[in-house]
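Residue numbers begin at 1 in each chain, while the letters A, B, ... track the order of the sequences. In this text the structure is predicted, and so the values were computed from the model without any measurement.
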There are 2 protein chains.
Amino acid sequence: MSEHRHIDGRKMLCDAGLRPTRQRVSLAELLFAPGDRHVTAEQLHEEALRCDMPVSLATVYNTLHQLTQAGLLREVAVEGCKTYFDTNTSNHFHFFSEIDGTLEDIPSGTINIGDLPTPPEGMEISRVDVLVRLVGRDTT
Amino acid sequence: MSEHRHIDGRKMLCDAGLRPTRQRVSLAELLFAPGDRHVTAEQLHEEALRCDMPVSLATVYNTLHQLTQAGLLREVAVEGCKTYFDTNTSNHFHFFSEIDGTLEDIPSGTINIGDLPTPPEGMEISRVDVLVRLVGRDTT
DNA sequence: CTGTGTGCAAACTCTTTGCATAAGT
DNA sequence: ACTTATGCAAAGAGTTTGCACACAG
């Protein structure tokens, strides 16, 4: 699950119409080199600093949003103020561990959503988010 | 859907082990008198003030959390910092309108979750949240 | 009376913004 | 060079906390 496939951050950014600055390339490579990831801005920021890629938190936020707009990331709402960004943009669902606050993909095909409900007049479904919350065994 | 059934806030609170103070009774009645509701703390606060039930925002937050702990409300994570509280605590799913930020119940039975995935070792599913995001027709 | 709840304002967390400096083409 | 991105620190939204006063039992 963590075959560090090699990623050309520069190309990825250019393709998305973003200027491949040092910071953006670094962040893109951190994000996309390992398999699918679910990070918060703060986590990514710390990770970048640990890897000697000095970036400011503001830039991390900017970059995450730019990548999201470019369709390379997906935002996942869990709760509280924390926003998670998921490198897997395909249709899939998540496990959320309430114990350590981590997010994980649910292998696709494992959950089937039957019939979707009919949306109200004049609206259409943009996305269906499914979050399966986990707790330790036996915790009420 | 909005038959203002009459609610005995006092009894409801006592049953939940909460002291029926003026503010709590007011809030409980605002919350539970109409049909199912989805409110944020701020919305409920404004509504209380409009109805001549002076309460501080801090008390609204306290009360909402106490009612949630007592199992009378359910928190719904949508995104951003806003926390919604749902008066319907049964297992059901939501529509979220990205246009006006409102939450609505999806009639139960309309969505079927097929097989739930097996949770990772030592964990169990505490809840499954399904959020169907809506946009206006034709908005990409 | 006694203890718990309330209100206020200040603290806190996560996120966004403004503006001078630095980097990309 | 000219433009766009970055970094910093300050502002912002939503939520929480601490402490004096008020209310419920």
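Every residue was checked against the side-chain hydrogen bond (donor to acceptor under 3.5 Å, both in side chains) condition with B/Arg74, not counting sequence neighbours, and none meets it. Taking the side-chain hydrogen bond (donor to acceptor under 3.5 Å, both in side chains) definition, one finds that B/Thr118 meets it with nothing, sequence neighbours left out. Scanning for ring pair (Phe, Tyr, Trp, His ring centres under 6.0 Å) contacts around B/Phe96 gives an empty result, with sequence neighbours left out. Checked against salt bridge (Lys or Arg N to Asp or Glu O under 4.0 Å), B/Glu98 has the following partners two or more places apart in sequence or in another chain: B/Arg133. The side-chain hydrogen bond (donor to acceptor under 3.5 Å, both in side chains) check on A/Gln23 picks up nothing, with sequence neighbours excluded. Residues that satisfy the salt bridge (Lys or Arg N to Asp or Glu O under 4.0 Å) test with B/Glu47, not counting sequence neighbours, are B/Arg37. Annotation: side-chain hydrogen bond (donor to acceptor under 3.5 Å, both in side chains) contacts of A/His45 (sequence neighbours excluded): none. Residues satisfying the side-chain contact (heavy atoms from CB on, under 4.5 Å) criterion with A/Gln69, sequence neighbours excluded, are absent altogether.
One side chain, A/Asp105 or A/His38, offers a donor N or O that lies under 3.5 Å from an acceptor on the other.
Defining each end axis of the helix from C/dC1-D/dG25 to C/dT25-D/dA1 as the rotation carrying four pairs' C1' atoms onto the next four, with five pairs an end, the two axes are found to diverge by 30° to 10 degrees.
Atom NE2 in B/His45 sits about 15 Å away from atom C1' in D/dT16, given to the nearest Å. Protein atom CG of B/Leu64 is 13 Å distant from nucleotide atom C1' of D/dG14, rounded to whole Å. What separates CG of B/Leu49 from P of C/dC8 is a distance of 10 Å, to the nearest Å. A/Leu13 has its CG atom 15 Å from the C1' atom of C/dA23, to the nearest Å.
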Can you name the atoms? Protein N/O to nucleotides 3-6 of chain D N/O, anything below 3.5 Å, with the distance.
from, atom 1, to, atom 2, distance (Å)
D/dT3, O2, A/Arg19, NH2, 3.3
D/dT4, O4', A/Arg19, NH2, 2.7
D/dA5, OP1, A/Arg24, NH2, 3.1
D/dT6, OP1, A/Thr21, OG1, 2.8
D/dT6, O3', A/Gln23, NE2, 2.7

Anything under 3.5 Å between a protein N or O and an N or O of nucleotides 12-16 of chain C, put it in a table, one pair a line.
from, atom 1, to, atom 2, distance (Å)
C/dC14, OP1, A/Lys82, NZ, 3.0
C/dC14, OP2, A/Glu42, OE2, 3.3
C/dC14, O3', A/Cys81, O, 3.0
C/dT15, OP1, A/Cys81, O, 2.8
C/dT15, OP1, A/Thr83, N, 2.8
C/dT15, OP1, A/Thr83, OG1, 2.8
C/dT15, OP2, A/Tyr61, OH, 2.3
C/dT15, O5', A/Tyr61, OH, 3.0

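Sorted by first and then second residue, the salt bridge (Lys or Arg N to Asp or Glu O under 4.0 Å) pairs with a member in residues 9-22 of chain B read B/Lys11-B/Asp15; sequence neighbours excluded.
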